[in-house]
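FYI, side chains are in, hydrogens and waters are out, and symmetry mates aren't considered; it's all heavy atoms of this structure.
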Amino acid sequence: MTDRALSRVVRRETHSPRTVAMFVAVILLILALIYVGVELVLSLLAQPALVAAPGAIAQWLVALPGDQPAPLVIVGGVIVAILGLVFVILAVTPGRLSKHELAFDGSERAVVVDNGVIAAAVAQKVSADSGVARDRVTVGVAHRTVDVTVRPDPGVEIERESVRRAATEALDAYRLVPRVKVRARIEQARQEDDFR
């Protein structure tokens, strides 16, 4: 398999298509066109409109800025602009799946791993290096960052830097593409005496 074909396969596995957003936009457009078509047919047959006649809707839209208070028109315009911006962003930006590519020395292979698997491996490494039970280590993997939270038993001191170093070593071994930054956090449990 060529490098180009392999990179296309990896991209397809790590990025989500915008199928849902496109589906919603197309369904809304189809419903709007059906409504306009029904209203036009009813108007041509001299029947009463379902909601409003097409001519009345057009007159209402033209008169809307002058009939309504200016702040209301501005708020409505901002809402429509935000919805339009959301659709443009969805159309232009790629969606991301919760997966990462692992850099591989061979050009004939690609490895794509789910973020949950990466999180479990990092948590196991941090647990083994720090001596904290595995169930007291929580790891979240995002596209560019890995958050590691360790909750040691009361009275056990752990350095944040050692947790960050252990997580970084685990991630360096996997050589994730794109590379991620590690954020470590220690949440000290309170002694029972603190509650009294």
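Considering only heavy atoms from C-beta on, H100 comes within 4.5 Å of N115 through its side chain. With a 4.5 Å cut-off on side-chain heavy atoms, E157 and P152 do not count as touching.
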Worked check of side chain to side chain contact (heavy atoms under 4.5 Å, CB included) between T149 and R151: CA-CA 7 Å; T149 304; R151 293 174 195 84; 3.8 Å; yes
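Nearest heavy-atom pair, A184 versus V163, reported as atom, atom and distance to 0.1 Å: CB-CG1, 3.9 Å. Looking at every heavy atom in both residues, A142 comes nearest to V180 through O-CG1, 4.3 Å. Taking all atoms of both residues into account, the shortest heavy-atom contact from S127 to A133 is OG-C, 3.7 Å.
Judged as a side chain to side chain donor-acceptor pair (under 3.5 Å), and not counting sequence neighbours, the contacts of D172 are R179. The side chain to side chain contact (heavy atoms under 4.5 Å, CB included) search around V62 returns none, not counting sequence neighbours.
Grouping Ile, Leu, Val, Met, Phe, Trp and Tyr by side-chain contacts under 4.5 Å, direct or through others, leaves L72 on its own.
Panel note: side chain S162, backbone E159; a donor-acceptor pair is recorded below 3.5 Å. A donor-acceptor pair is defined here as one N or O able to donate and one able to accept, closer than 3.5 Å; such a pair exists between the side chain of R134 and the backbone of V137.
Rounded to the nearest 0.5 angstrom, K99 NZ and I118 CD1 are separated by 11.0 Å. With values rounded to the nearest 0.5 angstrom, D147 atom CG is found 4.0 Å from R183 atom CZ.
Pairs passing the salt bridge (charged side-chain N to carboxylate O under 4.0 Å, His left out) check and including a residue from residues 118-130, sequence neighbours excluded, read K125-D129, K125-E169. Residue pairs that meet the side chain to side chain donor-acceptor pair (under 3.5 Å) test with at least one member in residues 69-85, sequence neighbours left out, do not exist here.
Under the 4.5 Å side-chain heavy-atom criterion for ILVMFWY residues, no single connected hydrophobic cluster contains both V146 and V177. Side-chain heavy atoms closer than 4.5 Å link hydrophobic residues (I, L, V, M, F, W, Y) into clusters, and following such links, possibly through other members, connects V141 to V113.
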Which donor-acceptor pairs under 3.5 Å do the side chains of residues 33-51 make with protein atoms, sequence neighbours left out?
| from | atom 1 | to | atom 2 | distance (Å) |
| --- | --- | --- | --- | --- |
| Y35 | OH | E39 | OE2 | 2.9 |
| E39 | OE1 | L50 | N | 3.3 |
| E39 | OE2 | L50 | N | 3.3 |
| E39 | OE2 | V51 | N | 3.0 |

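The environment of CZ in R160 is sparse: at most 12 heavy-atom neighbours from other residues, nucleotides or ligands sit within 6.0 Å.
Each of T138, V139, I186 was evaluated against V148; a single residue qualifies, V139, per the side-chain contact (heavy atoms from CB on, under 4.5 Å) test.
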